[in-house]
Amino acid sequence: MPDDLLRHLRLPHQRKALLRDLARKAACDEDQAACFAALGYTPHDRQKEFHEAGLAGADRRVFLAGRRSGKTTAGAMEVVYQLLHGDESGRDSRRVLVAAPVLELAERTWRIVHGLLVRQLGFEPRRINDSPVRRELELPWGSVLLCRSTEGKALDSILGDSYHMAVLDEAARFPAGVWEADIEPTLADYLGHALFVSTPRIGWLRDLWERCESPDYPNWVGVHCTSHENPHLSARWLDQRERQTSRSTYLREYLGQWVSLEGVVYTEWDREAHVLPEAEYDARYPIDLGIDFGTTAASPFVLLLCQRVDDRLRVFNELRVEGQSTLGCAEKLLRWWDQWRYPRGEVAMAVGDIAARDGRLMLERCLRGEGILGGDRVQT
């Protein structure tokens, strides 16, 4: 590089102007790599895979990742790249929506975008609103960024709007239905892209992740990234998290795996370790019953047949009844018991929920003398 150009670039305002022009030109030329280089962004391998999927035509991308893995940064850089499009007359300018469960989460993306475009490159916005309740940015050539939360009626303001891209930050925490009912229709006019960046939570996002793994949805691409794949994150800190955090939490929050922690009693449950195919009824041992009372599909009546063999509890069969009263469940249990030809009078103990007093008393009344409940009682 010539000496005079080097001296020229040592002046901060000159360097800023050059990088500003390079970033804008690269975006308008659809050269994402050059645009990112001008912005000083070097994506790690999983971030790069995420960006390249969009360039290859995937208009629905899920970045499923652990904490501090760079997922928010990847989403924000996609926003910056889109906003840099457009000539001085406003042709090909872009509109981008960033949505989050609460506006404070959308602020993370806002700060990256604002920091790069306004502070680092020095663009003077045509319009800016940076308040705790509303964050919007309009650039001189007409590209617009809007940040919204899913709280209350915040998304009502986007009804009828159109966007080239929507970024759903921490998408797994969104209320079910928000994506399909409120956000996806806003992408129709421009055939816009949608980015879902999130740590996993069992729920509606799991269905979208399954689309990414299905050949029936070629426009859906999923990228999985653990916290360990961020080269800027301290390996020592991650090692501490693994040793000091429960296994289930570590799997979900740092390895980005689909683990449900809600309602879990025994978090160390592992199907591979705890389920054995040879758990069958053994006539040498008495039977224990575990009962969960319920009458609906969401909360059914469940009966587990167990035997204590050495130091293990073997669950060898299960009866599940939905939509029946306790009386109906008792009648079905009698027929089911005889169909399996289990012996009567061999139950050592039946245990049920202490809170389900009415269900316990009704089951005891219905099955008294049938030899199914140990001592004709359901213990708690």
Practice prompt. Find out if a path of hydrophobic residues (ILVMFWY) with successive side-chain heavy-atom gaps under 4.5 Å connects Trp337 to Leu304.
Written response: no
Worksheet item: Will you find, in the side chains of Thr245 and Glu253, an N or O donor that is under 3.5 Å from an N or O acceptor?
Response: no
Worksheet item: Do Asp310 and Arg312 meet the salt-bridge criterion of a basic N to acidic O distance under 4.0 Å?
Response: no
Discussion item. Do Glu78 and His193 pair up side chain to side chain, a donor and an acceptor below 3.5 Å, judged on atom types alone?
Written reply: no
Worksheet entry | Test side chain to side chain contact (heavy atoms under 4.5 Å, CB included) applied to Asn129 and Arg135, step by step | CA-CA 5 Å; Asn129 194 328; Arg135 289 188 169 86; over 6 Å; no
Response to the item:
Result for ring pair (Phe, Tyr, Trp, His ring centres under 6.0 Å) between Phe196 and one of Phe63, Phe50, Trp179 points to Trp179
Fill in: NZ or CZ of Arg206 within 45° of Trp204 ring axis and under 6.0 Å
no
Fill in: Test item: Trp141 side-chain N/O and Leu83 main-chain N/O as donor-acceptor pair under 3.5 Å
yes
Worksheet item: Quick check: does any side chain N or O of Arg24 sit under 3.5 Å from a backbone N or O of Leu84, one acting as donor and the other as acceptor?
Response: yes
Discussion item. I'd like to know if the side chain of His44 reaches the main chain of Ser69, judged simply by a donor and an acceptor atom lying under 3.5 Å from each other, with no hydrogens or angles considered.
Written reply: yes
Discussion item. For the backbone of Leu255 and the side chain of Thr226, can you confirm whether one donor and one acceptor N or O come within less than 3.5 Å of each other?
Written reply: no
Worksheet item: Could you go step by step and tell me if Asp92 and Asp87 meet the side chain to side chain contact (heavy atoms under 4.5 Å, CB included) rule?
Response: CA-CA 7 Å; Asp92 198 33; Asp87 60 23; over 6 Å; no
Worksheet item: Relative to each other, are the rings of Tyr342 and Trp340 parallel, tilted or perpendicular (30° and 60° limits)?
Response: parallel
Worksheet item: Do any N or O atoms from the side chain of Ser227 and from the backbone of Arg67 form a donor-acceptor pair under 3.5 angstrom?
Response: yes
Item to complete: Verify the cluster assignment for Leu18 and Leu116: are they in a single hydrophobic cluster under the rule of side-chain heavy atoms below 4.5 Å apart?
Response: yes
Worksheet item: With distance as the sole test, does Gln324 use its side chain to make a donor-acceptor pair with the main-chain N or O of Cys329 at under 3.5 Å?
Response: no
Worksheet entry | Minimum heavy-atom distance Gly66-Lys71, with the two atoms named | O-NZ, 3.5 Å
Worksheet item: Quick one: which of Arg236, Arg243, Arg241 gives a salt bridge (Lys or Arg N to Asp or Glu O under 4.0 Å) with Asp239?
Response: Arg243
Discussion item. Pair Gln47, Tyr41 - check side chain to side chain contact (heavy atoms under 4.5 Å, CB included), show working.
Written reply: CA-CA 11 Å; Gln47 290 172 323; Tyr41 169 55; 3.5 Å; yes
Item to complete: Kindly work out whether a path of hydrophobic side-chain contacts (I/L/V/M/F/W/Y, heavy atoms less than 4.5 Å apart) joins Ile112 to Leu39.
Response: yes
Worksheet item: Just checking, Arg360 and Phe293: is the charged tip under 6.0 Å from the six-membered ring centre and within 45° of the axis?
Response: no
Response to the item:
Between Trp110 and Glu136 the two heavy atoms that sit nearest each other are CH2-O, 3.3 Å
Worksheet item: Centre of Tyr163's six-membered ring, under 6.0 Å away, within 45 degrees of the axis: is that where NZ or CZ of Arg95 sits?
Response: yes
Discussion item. Can you give me the closest heavy-atom contact between Pro43 and His51, atom names plus distance?
Written reply: CB-CD2, 4.0 Å
Practice prompt. Ignoring hydrogens and angles, tell me if any N or O in the side chain of Gln82 forms a donor-acceptor pair with the backbone of Val96 under 3.5 Å.
Written response: no
Item to complete: For the pair Ser143 (side chain) and Arg94 (backbone), establish whether a donor and an acceptor sit closer than 3.5 Å, ignoring hydrogens and angles.
Response: yes
Fill in: Same cluster (ILVMFWY, side-chain, under 4.5 Å), Leu333 and Phe316
yes
Practice prompt. Work out which heavy atom in His228 is nearest to a heavy atom in Tyr250; give both atom names and the distance.
Written response: NE2-OH, 2.6 Å
Response to the item:
Between Val167 and Gly75 the two heavy atoms that sit nearest each other are CG2-O, 4.3 Å
Worksheet item: Do you know the tightest heavy-atom contact between Arg68 and Asn230?
Response: O-ND2, 2.8 Å
Worksheet entry | Test side chain to side chain contact (heavy atoms under 4.5 Å, CB included) applied to Leu289 and Leu305, step by step | CA-CA 5 Å; Leu289 304 182; Leu305 275 70; 3.9 Å; yes
